[in-house]
Protein chains: 4
Amino acid sequence: MPNDRTPDSSRRSERSRQAILEATRALISEVGYRKVSIEAIAARAGVGKQTIYRWWPSKGAVIFDSFLALSESAGGEGITLPDTGDIEADLRLVMRATVAEFADPAFEKPIRALNAEIVNDPDLAAQYREKLARPVDDAKKARLRSAQQAGQLAADADLDLVLEVLYAPLFQRWLHRTGPLTPEYADSLVDIALRAFRP
Amino acid sequence: MPNDRTPDSSRRSERSRQAILEATRALISEVGYRKVSIEAIAARAGVGKQTIYRWWPSKGAVIFDSFLALSESAGGEGITLPDTGDIEADLRLVMRATVAEFADPAFEKPIRALNAEIVNDPDLAAQYREKLARPVDDAKKARLRSAQQAGQLAADADLDLVLEVLYAPLFQRWLHRTGPLTPEYADSLVDIALRAFRP
Amino acid sequence: MPNDRTPDSSRRSERSRQAILEATRALISEVGYRKVSIEAIAARAGVGKQTIYRWWPSKGAVIFDSFLALSESAGGEGITLPDTGDIEADLRLVMRATVAEFADPAFEKPIRALNAEIVNDPDLAAQYREKLARPVDDAKKARLRSAQQAGQLAADADLDLVLEVLYAPLFQRWLHRTGPLTPEYADSLVDIALRAFRP
Amino acid sequence: MPNDRTPDSSRRSERSRQAILEATRALISEVGYRKVSIEAIAARAGVGKQTIYRWWPSKGAVIFDSFLALSESAGGEGITLPDTGDIEADLRLVMRATVAEFADPAFEKPIRALNAEIVNDPDLAAQYREKLARPVDDAKKARLRSAQQAGQLAADADLDLVLEVLYAPLFQRWLHRTGPLTPEYADSLVDIALRAFRP
DNA sequence: AAGTAAACGAGACGGTACGTCCGGTCTTGGT
DNA sequence: ACCAAGACCGGACGTACCGTCTCGTTTACTT
């Protein structure tokens, strides 16, 4: 017995959905996150405002979905990290790539916007964890697990914790702008994590 | 030579300033960050809107100052961490206290509000680092330096990095709600940091 | 030969038609004319909006038909006014009845709704004259004609004009709320008309 | 002690008030009454919507005031009807003028619109009586009183009733489109009224 | 002490966007 | 084929705030 408040999604217009997400993406790039309004999205997408309110609970949710659609189309489904057998080299590669990504001004604004939204919206945060963070984290944990089996990491290491030690300092430094994000910084974090979780 | 656009702060009404900061604090706790508006702050403080716009450049700045006033009144000037000689025990104490603070629902809403503002405003972020984070970080680094001299930490350890490894995972977990904040988690982070920066 | 845009009325659901008219009546009485919407009528009648748009050209037409149905069911076909031979007494009776009807709050709202529609819609006004006003007016004129033959009214009196002098002041006073509608007022109007059209 | 909900009209912008009334008048002529929206008035007047909502309780009230401003600027304050000493001639003149006015298509739409609004809005009806109808009615009654003193009308005639007998049939015929408005019709009404209220 | 200039409370102003409601059209399944 | 249900585009509604702009009124510093 479905919730009778929920619209029947079988009737949903895929055409409108796509137009809304596309318009949202375009507007974020053009005018910046803070100035994106439901009104503007609807006008740009050639859609009634009600069609947005019918399917999304908040502006944050629309914007989030536009991110999600982007990452899905780009990332494909199964993400795999390189595995050369040398965990240190592989992690350095991945961490340096992450540093580069955060430094890219094209990504900077949207990601900050997303984080600002997530801070105050638990639902959005949950969606972020499930839909955006999890697939990537799973891939990283797969690589770490392979390193455990190869005896390069402590067998009892909590992989979620390993990920936090690797990424959280980077994330916080970026979010609060407490310092520069350099390739050397990425290397330092890899060193620290490997030392902490050495077998 | 002061900027002639700048109002003469000698004429500033301390009474109004206090009322605005107090009203801001109250509103954040009561109705949440999203619903705090300049209009509401002015009404609550019994103040004209212009008085806010005269002295603060943005809503974020008001919110930030309301924090600053709080921390200044509470924290005093010179913060010192306990130093029993046992760095592990001392860090556990401090980290457990931090965990408790983040878990306190009374602090939760304001801190999230502050972070939402900081993410998208570099000026505010800089003020945050200087006025709010630095004094606390300095105190923590002083304790870590004492541990270095006692041979409990590598002499060449970058103390900023140590702080990041200790606190960033905690901060990220709280911000993204990726997991529970428990005393055990605090202990884990201490263990990891000490292992990574062991002499 | 029906207009080929007109749906085949042989297929029309009598059940839906009744439900729509009944819902319209109920809504006018309950929430007042301003809040009657096609949307609300459809919901109340358990009918799709399209079913209303298929059979009626405008909201006014639906409202009008809801009246028509009522008057047809109530009024029967042949209306006859009392004829005691004394035109003054008979008119007083009828006029006092009309005053009472207008003063009845149960009739007030629907009649006002009907008039609001009629004012701006010539088609509706024509229908009103033909379907609602004419039968009643014919009956009144029959009684007046009988009075003419009895020598109680000028033989050359324009009966439409007599009706206007009788009823228009009453109608205008009600429509614009310019004064109270009392039995004495009804009597005055009868006096005036009889004096004006005396043989 | 004034009602503290009422805005302080000493602060009111006369410039905005005029712009709103002028825009309203223009829009009624251009797009017709039903399609006039607060949104369009505000845009046309170069005014925020709130400025309209602050000073008028409803769309009907704005439209009414735009009529009022027009009639005040046109009619001046003291209206006087011609008094040649011959009440029949004077009334015929005035009634024929009224007939012509009702027949003028430029007046037709707005007056119908106003009436449609008045039917369902008692407050508006009261304003109509006080501000628009009364000054004109007072002038008419002054002329009738002069006729009474000249012995051309019954001394005890209720002048409000006389006005109703004169004007209501005309008004009703126009409103419901029950017949043509001709100069002869105007004359008939004068005859009838004079006969009914003969001394 | 009087004069003056800035800050003050109040709140109207032109605007933008909100989230809701309804009009009228179109589509989908069910009978 | 008609129906109920309801999604769709469009557009107006009335509200909340934005940041700016007067109003008179303190308030504090000249003169």
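Excluded from the calculations below are hydrogen atoms, water molecules and symmetry mates; all remaining heavy atoms, backbone and side chain alike, are included. Just so it is clear: chains get the letters A, B, ... in the order the sequence lines come, proteins before strands, and each one is counted from 1.
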Fill in the blank from the handout: Given protein heavy atoms under 4.0 Å, the one-letter contact record of nucleotides 24-31 of chain F, with B base, S sugar-phosphate only and - none, is simply ----B---
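B:Thr24 places a side-chain N or O within 3.5 Å of a backbone atom of B:Ile20 that can act as its donor or acceptor partner. C:Lys59 places a side-chain N or O within 3.5 Å of a backbone atom of C:Val36 that can act as its donor or acceptor partner. Side chain of D:Arg177 to main chain of C:Ala126: no donor-acceptor pair is present (N/O by atom type, distance under 3.5 Å, no hydrogens or angles).
Per the geometry, CZ belonging to A:Arg12 stands 16 Å off C1' belonging to F:dC9, to the nearest Å. Whole-Å rounding puts the C:Leu27 CG to E:dC22 P distance at 11 Å. The OH atom of A:Tyr53 sits 17 Å away from the P atom of F:dA7 (whole-angstrom rounding). Rounded to whole Å, the distance from CD1 on D:Ile20 to C1' on E:dC13 is 11 Å. With rounding to whole Å, B:Ile52 atom CD1 is found 15 Å from E:dG11 atom P. One can place CD1 of C:Ile63 at 10 Å from P of E:dG23, the figure rounded to the nearest angstrom. Taking atom CZ of residue D:Arg44 and atom P of nucleotide F:dA12, one finds them 14 Å apart after rounding to whole Å. Going from atom CD of C:Glu39 over to atom C1' of E:dT20 covers 11 Å, rounded to whole Å.
Here B:Trp55 reaches the OP1 or OP2 of E:dC8: one of its side-chain N or O atoms lies under 4.0 Å away. Between F:dC3 and C:Arg54, a contact under 4.0 Å exists linking OP1 or OP2 to a side-chain N or O.
A heavy-atom distance below 4.5 Å is found between the side chains of A:Phe64 and A:Leu132. For the pair A:Glu30 and A:Arg44, the minimum side-chain heavy-atom distance is below 4.5 Å. Side chains of D:Trp56 and D:Ile38 form no contact here, defined as non-hydrogen atoms less than 4.5 Å apart.
Mapping A:Ala42 and C:Ser16 onto DNA chain F via the closest heavy atom, the residue that lands nearer the 5' end is C:Ser16. Toward the 5′ end of DNA chain E lies the nearest nucleotide of B:Glu14, the other residue of the pair C:Ser58 and B:Glu14 mapping further downstream. In this structure, C:Lys59 and A:Ile38 both approach DNA chain E, and ranking their closest nucleotides by distance from the 5' end singles out A:Ile38. Residues A:Ala45 and B:Lys35 each lie close to DNA chain F; by heavy-atom proximity, the contact nearer the 5' end of the strand is made by A:Ala45.
Between E:dG23, F:dA4, E:dG9, one nucleotide has an atom nearer to the side chain of B:Val47 than all others, and that is E:dG9. In the set E:dC22, E:dC13, E:dG9, the nucleotide with an atom closest to the side chain of B:Thr51 is E:dG9. When each of F:dG14, F:dT20, F:dC8 is scored by its nearest atom to the side-chain atoms of D:Lys49, the top-ranked nucleotide is F:dG14.
Counting atom types as modelled, D:Gln50 pairs no side-chain N or O with a base atom of E:dC13 as donor and acceptor under 3.5 Å.
Within 6.0 Å of NZ in B:Lys109 there are more than 12 heavy atoms belonging to other residues, nucleotides or ligands. Residue D:Arg15 qualifies as open at atom CZ: its count of foreign heavy atoms under 6.0 Å is 12 or below.
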